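All remarks here apply to the structure that follows.
Note that the structure is a prediction, hence the values are computed from the model and not measured.
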Amino acid sequence: QVQFVESGGGLVQPGGSLRLSCAASGGGVSSYDMGWFRAPPGKEREFVAAISRSYGNTHYADSVKGRFTISRDNAKDTLFLQMNSLTPEDTAVYYCASVRYYSGHYIGYYWGQGTQVTVSS
């Protein structure tokens, strides 16, 4: 089983930016379609963005479209999430995961432990 590790979370002011990274112990990011999910305080985990393994096709939740960018560097076996124009509503634990697309939804199946992002002044 693959274990992903996220990094790059922290405290940022509204309007600021953060870049999250995701790698796998022993490699593995380059082998999967990948995605980012988040769990806001007191809420269920939700889909944020996904990127295909080979062609880099991307898909975003409406709430982050135009502000977040998912990307990957298969040579470095790393997944990224560039987050701009952050608002307090983006506060959440962010998870990377390998994903499958099923019945109109992205489903994660190998997960990281999550990284906290807090947007506050």
Side-chain angles (χ1 to χ4, degrees):
Q1 180 171 337
V2 179
Q3 178 67 53
F4 296 112
V5 179
E6 303 91 341
S7 60
L11 174 64
V12 62
Q13 291 187 342
S17 298
L18 279 177
R19 189 192 197 202
L20 305 183
S21 299
C22 170
S25 56
V29 168
S30 60
S31 300
Y32 302 97
D33 295 337
M34 294 293 297
W36 288 96
F37 298 77
R38 66 185 182 186
K43 297 182 179 180
E44 293 187 353
R45 189 158 53 190
E46 61 186 19
F47 169 77
V48 174
I51 186 167
S52 65
R53 176 174 62 91
S54 298
Y55 297 105
N57 296 324
T58 58
H59 185 211
Y60 296 92
D62 287 344
S63 59
V64 306
K65 204 171 292 183
R67 300 188 299 121
F68 289 12
T69 302
I70 187 171
S71 62
R72 65 193 302 159
D73 185 336
N74 285 343
K76 295 183 179 180
D77 213 31
T78 306
L79 176 74
F80 303 99
L81 184 69
Q82 177 67 44
M83 305 185 295
N84 299 327
S85 302
L86 286 161
T87 74
E89 288 68 39
D90 296 314
T91 295
V93 178
Y94 283 73
Y95 301 88
C96 69
S98 53
V99 298
R100 291 191 181 104
Y101 189 72
Y102 181 74
S103 294
H105 300 282
Y106 284 96
I107 309 298
Y109 54 99
Y110 293 138
W111 293 89
Q113 83 289 348
T115 185
Q116 176 71 47
V117 172
T118 302
V119 184
S120 176
S121 54

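- Under the 4.5 Å side-chain contact rule for hydrophobic residues, Phe80 and Val2 do not share a cluster.
- Contact record, Gly112 with Tyr95: O-CD2, 3.6 Å, taken as the closest heavy-atom pair.
- Looking at Tyr32 and Tyr109, their side chains come closer than 4.5 Å, going by heavy atoms from C-beta outward.
- Taking the six-membered ring where the residue is Trp, His59 and Tyr101 present perpendicular rings, their angle passing 60° and hence far from 30°.
- For NZ of Lys65, the number of neighbouring non-hydrogen atoms (other residues, nucleotides, ligands) closer than 6.0 Å is greater than 12.
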Output, in order, the C-alpha distance, side-chain angles, deciding distance and verdict of side chain to side chain contact (heavy atoms under 4.5 Å, CB included) for Asp33 and Arg100.
-> CA-CA 7 Å; Asp33 295 337; Arg100 291 191 181 104; over 6 Å; no
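- Two residues are said to be in side-chain contact when any heavy atoms from C-beta on lie closer than 4.5 Å; Pro14 and Val119 meet this criterion.
- Of the inter-residue distances, the one linking Ile70 atom CD1 with Leu20 atom CG reads 10.5 Å to the nearest 0.5 angstrom.
- Proximity of a side-chain donor or acceptor of Glu6 to a complementary backbone N or O of Thr115 within less than 3.5 Å is not detected.
- Pairing each heavy atom of Tyr60 with each of Ala49, the nearest pair is CD2-CB, 3.6 Å.
- Linking Ile, Leu, Val, Met, Phe, Trp and Tyr whenever their side-chain heavy atoms come within less than 4.5 Å puts Met83 and Ile51 in one cluster.
- Between Asp90 and Val12 there is no side-chain heavy-atom pair separated by less than 4.5 Å.
- Contact annotation: the side chain of Leu11 approaches that of Ser120 to within less than 4.5 Å [non-hydrogen atoms, C-beta and beyond].
- Between Val64 and Val48, the closest heavy-atom pair is CG2-O, 3.6 Å.
- The shortest distance between side-chain heavy atoms of Arg38 and Ser63 falls below 4.5 Å.
- For the pair Arg45/Trp111, a side-chain contact is recorded, criterion being any heavy-atom separation below 4.5 Å from C-beta on.
- In terms of heavy-atom proximity, Trp36 sits nearest to Ser21 at CH2-O, 3.7 Å.
- Side-chain atoms of Ser85 never come within 3.5 Å of backbone atoms of Arg67 as a donor-acceptor pair (strictly under, hydrogens ignored).
- With no hydrogens or angles considered, no side-chain donor-acceptor pair links Asp73 and Thr78 at under 3.5 Å.
- Between Tyr106 and Phe47, the ring-plane angle classifies as parallel under the 30° and 60° cut-offs.
- Contact between Gly28 and Phe4 at its shortest, heavy atoms only, is C-CE2, 4.4 Å.
- Ser17 and Asn84 share a side-chain donor-acceptor pair at under 3.5 Å.
- In this structure the side chain of Met34 never reaches within 4.5 angstrom of the side chain of Arg53, judged on heavy atoms.
- Side chains of Leu86 and Phe68 form a contact here, defined as non-hydrogen atoms less than 4.5 Å apart.
- How far SG of Cys22 is from CG of Leu79: 5.0 Å, rounded to the nearest 0.5 Å.
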Should Val29 and Arg72 be marked as a side chain to side chain contact (heavy atoms under 4.5 Å, CB included) after you check the CA-CA gap, both sets of side-chain angles, and the distance that decides it?
-> CA-CA 8 Å; Val29 168; Arg72 65 193 302 159; 4.1 Å; yes
